[in-house]
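To keep things clear, I will list the structure first and then write my remarks on it.
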Number of protein chains: 2
Amino acid sequence: MPKKTAPEARPSRPRRPTDRVAPRPPAAVSSPRRSAILALAAQLFAERGFQATTVRDIADAAGLLSGSLYHHFDSKESMVDELLASFLDDLLARCRGIAGQRLEPREALERMVEEAFDALPRHRAAIVVFQHDAAHLARFERFGYLKVCAQELEDLWVGVLRRGVDSGDLVCPEPELTYRFIRDAVWMSVHWYRLDGALTTRDLSRHYLRVLVEGLAPR
Amino acid sequence: MPKKTAPEARPSRPRRPTDRVAPRPPAAVSSPRRSAILALAAQLFAERGFQATTVRDIADAAGLLSGSLYHHFDSKESMVDELLASFLDDLLARCRGIAGQRLEPREALERMVEEAFDALPRHRAAIVVFQHDAAHLARFERFGYLKVCAQELEDLWVGVLRRGVDSGDLVCPEPELTYRFIRDAVWMSVHWYRLDGALTTRDLSRHYLRVLVEGLAPR
DNA sequence: GTCTATAAAGGGATAGAC
DNA sequence: GTCTATCCCTTTATAGAC
């Protein structure tokens, strides 16, 4: 995979007219075929990582030749861009909703955790890709929003934790550290949680909240 | 990066005499130069991911041309192999030591968490690479040991948790789930923990143990 | 909307001179 | 132990026929 050309905002080859200037005139902005291809690409990105997935892999999965993909998408980057942006849009909207309701802090904490596990089945591939490839992608201008969104999420979470500390509802010495602790534990479950297993995402959120809120020491 | 040839146990090109049959006669098995190159490679793997790091990147960092790398190492794979194997050897030895001491379960839990944070500065690059690339590498025969080691680690941890439940020292409804919870929260910190920051790894382990053992609800 | 064919560049790895 | 030079393959992406 061409490390220097593929996921770069400014390709090193001479700029061509189609280089992300317009949404590529002939490509329908949205179609069932397009969505299906994106879903397949998302699955492959999640399984192998963005960089290890070639456009030929995607084309194979969709029953096309690689060149035909470019009728639907500008580039491999565009696909991962759409995938991540729509995930973050959805997640942020929901978290803003919860944080904005001014629930009791402990209730808000629970709702935030439940929300994350709830998103697992809907955004499985995007979550995996975000965890695996966001750090790399975020180095390119086009993906700058990844950092912005992550920061807003952190702010929403830390706000909830702080309110809990202020009200005496939660004991949490370092809200930023605690946020990372929760975030990492919760989102990493996407790597091993099986939709077809015995556990529902509700079971998972209940278990994680129990450990998180009650702790491992007997009360 | 040639997806099908690079990290594969059986390259698709015709098998050549040097294909991992012997440790490549002329290459010194260990030398300061070799170690220095491996350290540089490890850093690059951690920063960009194994696949996104080219042998030319590594050679540049070492002040060599790419061809010269092959005097020291068989392949890019061999480098990541050495990196991961030596990390896992060290970590497993220490965890076996702790688990084998038959400490009080709560004490053992604390020692295991401290051990993990302790390994952070020593094995920073390897931990990042393990998290980022192990799933992909483990699909190839050569890296089968990654799964074996991960399983042994899980067994050691779950053993400690189970003993805690049996003795009433810990409340932990699902030891496997709890292990994953702890593992993911602890090891993910490698992505944001800064050695040169205000927090020592000891601070980190204390904070995480507090949340984990005492919980966020006031006692 | 898909295919054929191919461009342009980068990838891992090798051989042999020095 | 490093360099020169290069092989051979894969990659993303394009152009134009159908």
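Any value given below was found using the heavy atoms of this structure, including those in side chains, with hydrogens, waters and symmetry copies removed.
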>> Tell me the interatomic distance from B:I58, atom CD1, to C:dG12, atom P, rounded to whole angstroms.
In response: 8 Å

>> Rounded to whole Å, how long is the line connecting atom CZ of B:F50 with atom C1' of C:dG12?
In response: 10 Å

> Expressed in angstrom and rounded to an integer, what is the separation of B:K76 atom NZ from C:dA13 atom P?
Replying inline: 8 Å

> Closer than 4.0 Å, any side-chain N/O of B:S68 to the OP1 or OP2 of D:dC3?
Replying inline: yes

>> Please determine whether a side-chain nitrogen or oxygen atom of B:H71 lies at a distance below 4.0 Å from atom OP1 or OP2 of D:dG1.
In response: yes

> At under 4.0 Å, does any side-chain N or O of B:Y70 touch on OP1 or OP2 of C:dA13?
Replying inline: yes

>> Taking any heavy-atom pair under 4.0 Å as a contact, classify B:L65: base, sugar-phosphate, or nothing.
In response: base

>> Students often mix this up, so state it plainly: with edges at 30° and 60°, are the rings of A:F130 and A:F87 parallel, tilted or perpendicular?
In response: perpendicular

> Which word best sums up how the rings of B:F117 and B:Y208 line up, parallel for under 30°, tilted for 30 to 60°, or perpendicular for over 60°?
Replying inline: perpendicular

>> Checking contacts here: which listed nucleotide (C:dA13, D:dT12, C:dG11) is nearest the side-chain heavy atoms of B:T54?
In response: C:dG11

> Atom CZ of B:R56 and atom P of D:dC7: how far apart are they, to the nearest Å?
Replying inline: 14 Å

>> Applying a 4.0 Å non-hydrogen cut-off, can you work out what B:R33 is touching in the nucleic acid: base, sugar-phosphate, or nothing?
In response: sugar-phosphate

>> Regarding B:T54 and B:D57, do their side chains bring together a donor and an acceptor under 3.5 Å, going by distance alone?
In response: yes

> Could you state the CG-P distance from A:L64 to D:dT12, rounded to the nearest angstrom?
Replying inline: 15 Å

> In terms of side-chain geometry, is the basic nitrogen of B:D118 or B:R202 positioned less than 4.0 Å from the acidic oxygen of its partner?
Replying inline: no

>> Students often mix this up, so state it plainly: with edges at 30° and 60°, are the rings of B:Y179 and B:W157 parallel, tilted or perpendicular?
In response: tilted

> In whole angstroms, how far is the C1' atom of C:dG12 from the CG atom of B:L44?
Replying inline: 16 Å

> Once you round it to whole Å, what is the distance between P of D:dG1 and NE2 of B:H72?
Replying inline: 7 Å

> For the pair made of CG in A:D60 and P in D:dT12, what is the distance, rounded to whole Å?
Replying inline: 12 Å

